[in-house]
Amino acid sequence: MANKCNAILSLLLLLLVGTSHGGGIAIYWGQNGNEGTLSQACATAKYSHVNIAFLNNFGNGQTPQMNLAGHCNPSILNSCTKFSAEIKDCQSKGIKVLLSIGGGIGNYSLSSIEDARNVSKFLWNTFLGGKSPSRPLGDAVLDGVDFDIELGSTANWEHLARFLKAYSRRGREVYLAAAPQCPIPDRFLGTALNTGLFDFVWVQFYNNPPCSYANGNITNLLNSWSRWTNTVPATNIFLGLPAAPAAAGSGYIPPDVLTNQILPEIKKSPKYGGVMLWSRFYDVKNGYSDSIVNSV
Ligand SMILES: *[C@@H]1O[C@H](CO)[C@@H](O)[C@H](O)[C@H]1NC(C)=O
Ligand SMILES: *[C@@H]1O[C@H](CO)[C@@H](O)[C@H](O)[C@H]1NC(C)=O
Ligand SMILES: *[C@@H]1O[C@H](CO)[C@@H](O)[C@H](O)[C@H]1NC(C)=O
């Protein structure tokens, strides 16, 4: 009898866990000083992944530089190391914290395979498990690197992915993420994605009307989602969205449309990983993740 009860209890628990862990919410943090701290973001318990944005100058032999808007000045010694404890705090809650490289403003490109190798070594020593006298985010070891490549040269990103993934050690995976635009193939990241090395791909379903939500019509978005999940070799694919109308030029989806019409469809894919939001600043203003978190 007790055994039977235990078995039923376990089954119930399994079902419960199975439904409540459908997907996560990934958030970009770092591009607005008024969005609150990393610890505050992680304390909401709404996010599964935080991308610290951005390292936006690197490659082509340049001295790499971060930009964290009003949060701190990475070029001043120890200005941003206060975030080390906050990164560890987020990680202790099971949240993966990644460094996002690239972005819409900056100067970055990889001039050769050797340049890609040098950048991978810099990232490993400065933000991941390596050592460097100059670590702007302190001694916290980030979980991986997010490629938000939107400008410069399209070449050599697959080599950077390969070199970074090779730093994975037993028990300490270097996670790779990417934020391609929804048209396939992505001009900058298509070749890199085809390596199959990316763990999390948060596709930007915004600023791209042919594959985004527009004028109340979900057809183009669902068709594009199905192409991503059926043709791109990534482990987890996320629906990337603006967290407020002002967060992007187009593609904002009212929360009720997302939860009633879109999530039930896209969750059918075994590659569904959740929703990515740009950005923490807009999410705080609009309360978007509050509205969707129970449906994700
Ligand atoms: C890569 O790093 C090595 C060693 O620091 C340096 O000599 C070389 O010029 C770098 N290559 C590029 C393309 O920056
Ligand atoms: C970007 O960096 C390269 C290499 O340092 C430099 O030659 C180029 O002038 C820079 N471009 C801009 C727009 O700053
Ligand atoms: C929605 O968009 C699709 C693709 O562009 C189009 O074929 C369809 O007619 C649209 N549906 C409505 C209700 O406008």
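FYI, the numbering just counts along the sequence from 1. First listed ligand is number 1; within each ligand, the first listed atom is number 1. Since we're looking at a predicted model, the values are computed, not measured.
- From the protein, the heavy atom lying nearest to atom 3 (C) of ligand 3 is Asn217 ND2, 3.7 Å.
- Counted by atom type alone, His71 and Gln31 present zero donor-acceptor pairs between their side chains at under 3.5 Å.
- Residues Glu173 and Lys165 are paired through a salt bridge, judged by an N-O separation under 4.0 Å between the basic side chain and the carboxylate.
- Protein heavy atoms are absent from the 4.0 Å sphere centred on atom 9 (O) of ligand 2.
- Taking 4.0 Å as the cut-off between side-chain N and carboxylate O, Lys93 and Asp89 count as a salt-bridged pair.
- With a 6.0 Å cutoff to the six-membered ring centre and a 45° limit on the axis angle, Lys96 counts as a cation-pi contact of Tyr175.
- Within a 4.0 Å radius of atom 1 (C) of ligand 1, the protein contributes one or more non-hydrogen atoms.
- Distance from atom 12 (C) of ligand 2 to its nearest protein heavy atom, with residue and atom name: Asn107 ND2, 3.3 Å.
- The protein atom (non-hydrogen) at minimum distance from atom 14 (O) of ligand 1 is Asn118 ND2, 3.6 Å.
- The N/O atoms of Ser112, backbone and side chain alike, include none that comes under 3.5 Å of an N/O atom in ligand 1.
- The protein non-hydrogen atom at the shortest distance from atom 7 (O) of ligand 1 is Glu114 OE2, 4.9 Å.
- Among protein heavy atoms, atom 5 (O) of ligand 3 sits closest to Asn220 OD1, 3.6 Å.
- Near Asn60, meaning under 4.0 Å from any of its heavy atoms, are these atoms of ligand 2: 4 (C).
- Ring pair Trp278/Tyr28 is tilted by interplanar angle, where 30° to 60° counts as tilted.
- If you check the side chains of Asp146 and Trp202, you find a donor sitting under 3.5 Å from an acceptor.
- With no hydrogens or angles considered, no side-chain donor-acceptor pair links Asn73 and Ser79 at under 3.5 Å.
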